[in-house]
Amino acid sequence: MEILSENRAFGGVQGVYSHASEATGTDMTFGLFLPEEARGGPVPILWYLSGLTCTHENAMVKAGAQGWAAVHGIALCFPDTSPRGDGVADDEAYDLGKGAGFYVNATQAPWAPHYRMWDYVAEELPRIVTRNFDVDEGRQAITGHSMGGHGALTLAMGRPGRFRSVSAFAPICHPTASDWGRKQFTAYLGSVEAGADHDATLQMRQLGFDGAVLIDTGTNDQFGDHLGTEHFAAAMAERRQAGQLRLQKGYDHSYFFVSTFMEDHLAFHAEALWS
């Protein structure tokens, strides 16, 4: 693992690291914030999954999360959204290929050799982080924005017992019924139906989540038709899933929205992680 940068921040350290990934067959980069408490021993960790077109850097720079993580003594990890490199398949569209991995393991050409983001985020990166940094493997939570919210919800339900809490900012909730999902599942997995295990609404109906849930979506979200918020709300109600789904008046899909409610989300996860 290579240290690309380490900067003092809010009493802790914001680092950026690179490593060779077995899952993707490429070099991968991630950001990791460690609060001051990590000097004295392992701390809980919150995974933040970013959305379409993003790298590890977007949320690390724009979300305003480190200050609130420092308040609660929580580590933050910011993975990348897809494999990258000259030999990695890509597409001219912003919502397919690099920056648009959708947190699935691709099975179709030309994506299959490298687009294994489920294995990377669910298995490989947690092993790397817990082995090399003072974070507590037994106290994990997950959040994300947009495509990353999709990833956070599906990972939380798809890995029962792993995460104590899950939250999301404007998540893609029902991708098998959305233009942000049907296109990608067909390309990466061969069909829309093959993406059923990566659809948070379908997972909620079948599995639910044994932990705390918090979702925020803006009423002025310019991509609201792609999100399927109402479908996920109905699935939560059908399952009697405990949690909060909040519609925030006047907010859109931007990082202004994300940063506004980051304090709430960090406090929410801190309660679960430190209980």
Side-chain angles (χ1 to χ4, degrees), residues 48-54 58-59 81-82 89-108 111 115-118 121-122 142-158 166-209 213-239 241 243-248 251-255 257-258:
Y48 183 104
L49 305 186
S50 288
L52 286 168
T53 76
C54 292
N58 295 71
T81 54
S82 76
D90 199 9
D91 191 90
E92 293 182 356
Y94 76 95
D95 57 355
L96 190 67
K98 294 179 184 178
F102 262 77
Y103 304 102
V104 301
N105 288 338
T107 60
Q108 305 299 303
W111 315 104
Y115 282 76
R116 303 192 62 79
M117 291 301 295
W118 177 274
V121 174
I142 192 165
T143 188
H145 174 227
S146 193
M147 180 186 74
H150 141 78
L153 292 170
T154 56
L155 279 159
M157 288 182 278
V166 59
S167 74
F169 301 87
I172 302 170
C173 295
H174 197 11
T176 59
S178 167
D179 288 341
W180 279 355
R182 289 178 296 201
K183 172 182 178 180
Q184 292 81 6
F185 291 160
T186 300
Y188 296 144
L189 305 176
S191 69
V192 174
E193 292 74 21
D197 289 340
H198 296 278
D199 185 306
T201 294
L202 301 181
Q203 284 182 299
M204 178 55 68
R205 290 174 183 163
Q206 297 169 6
L207 304 172
F209 179 65
V213 179
L214 172 63
I215 295 173
D216 278 316
T217 298
T219 60
N220 283 9
D221 193 306
Q222 60 270 44
F223 302 111
D225 291 343
H226 295 309
L227 302 182
T229 308
E230 67 278 14
H231 300 292
F232 193 75
M236 287 183 68
E238 291 168 12
R239 192 170 182 85
Q241 171 72 47
Q244 302 177 68
L245 197 161
R246 311 186 303 189
L247 297 178
Q248 301 293 355
Y251 285 90
D252 59 17
H253 202 74
S254 70
Y255 265 94
F257 155 67
V258 173

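Bear in mind the structure is a predicted one, so any value in this text is a computation, not a measurement. Numbers here are sequence positions counted from 1.
The minimum heavy-atom distance linking Gly190 with Gln108 is given by the pair N-CG, 3.3 Å. Closest heavy-atom contact between Ala152 and Val166: O-CG2, 3.7 Å. Asp197 and Gln203 get closest at one heavy-atom pair: O-NE2, 3.4 Å. Across all non-hydrogen atoms, the minimal contact from Met204 to Arg239 is O-CD, 2.8 Å. Smallest separation of non-hydrogen atoms from Ile172 and His150: O-CB, 3.3 Å. Minimum interatomic distance between Gly99 and Ser82 (heavy atoms only, all atoms of both residues): N-OG, 2.7 Å.
A search for side-chain contact (heavy atoms from CB on, under 4.5 Å) contacts involving Glu230 returns nothing, not counting sequence neighbours. Under the rule for a side-chain hydrogen bond (donor to acceptor under 3.5 Å, both in side chains), Thr107 has no partner lying at least two apart in sequence or in another chain. Remark: Asp179 pairs with Arg182 by the salt bridge (charged side-chain N to carboxylate O under 4.0 Å, His left out) rule, at least two apart or across chains. Residues satisfying the side-chain hydrogen bond (donor to acceptor under 3.5 Å, both in side chains) criterion with Tyr48, sequence neighbours excluded, are Tyr255. Among residues two or more places apart in sequence or in another chain, the side-chain contact (heavy atoms from CB on, under 4.5 Å) test is passed with His253 by His145, Ser146, Ala170, Trp180, Asp221, Gln222, Phe223, Leu227.
Pro171 has its side chain within reach of Thr217: a pair of non-hydrogen atoms, C-beta onward, lies under 4.5 Å apart. Counting only heavy atoms from C-beta outward, the side chains of Leu155 and Trp118 approach each other to under 4.5 Å.
Note that the CD atom of Gln244 and the CE atom of Met236 stand 9.0 Å from one another [nearest 0.5 Å]. Separation of atoms NE2 (His231) and OG1 (Thr176) is listed at 9.0 Å; rounding is to 0.5 Å. One finds the CG atom of Leu49 at 4.5 Å from the CD1 atom of Ile142 (value rounded to the nearest 0.5 Å).
Counting only residues at least two apart or in different chains, side chain to side chain donor-acceptor pair (under 3.5 Å) contacts with residues 183-194 comprise Asp95-Lys183.
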Would Phe102 and Leu96 count as a side chain to side chain contact (heavy atoms under 4.5 Å, CB included) if you check the C-alpha gap in whole Å, the side-chain angles of each, and the deciding distance to 0.1 Å? CA-CA 9 Å; Phe102 262 77; Leu96 190 67; over 6 Å; no

One pair to check against side chain to side chain contact (heavy atoms under 4.5 Å, CB included): Tyr115 and Val104. What are the steps and the verdict? CA-CA 7 Å; Tyr115 282 76; Val104 301; over 6 Å; no

Using the rule given for side chain to side chain contact (heavy atoms under 4.5 Å, CB included), can you reason through Phe209 versus Leu153, listing the C-alpha separation, both sets of side-chain angles and the distance that settles it, and then say yes or no? CA-CA 9 Å; Phe209 179 65; Leu153 292 170; over 6 Å; no

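A ring-centre distance under 6.0 Å is not found for His198 and Tyr103.
Of the possible polar contacts, one joining the Asp90 side chain to the Lys98 backbone as a donor-acceptor pair under 3.5 Å is found. Put simply, the side chain of Thr219 never gets that close to the backbone of Leu247: no donor and acceptor are under 3.5 Å apart. Counting only distance, with no hydrogens or angles, the side chain of Ser178 and the backbone of His174 share no donor-acceptor pair below 3.5 Å. Distance alone, capped at 3.5 Å, places no donor-acceptor pair between the Arg246 side chain and the Leu214 backbone.
Side-chain contact check for Ser50 and Asn58: no donor-acceptor pair (N or O, by modelled atom type) lies under 3.5 Å.
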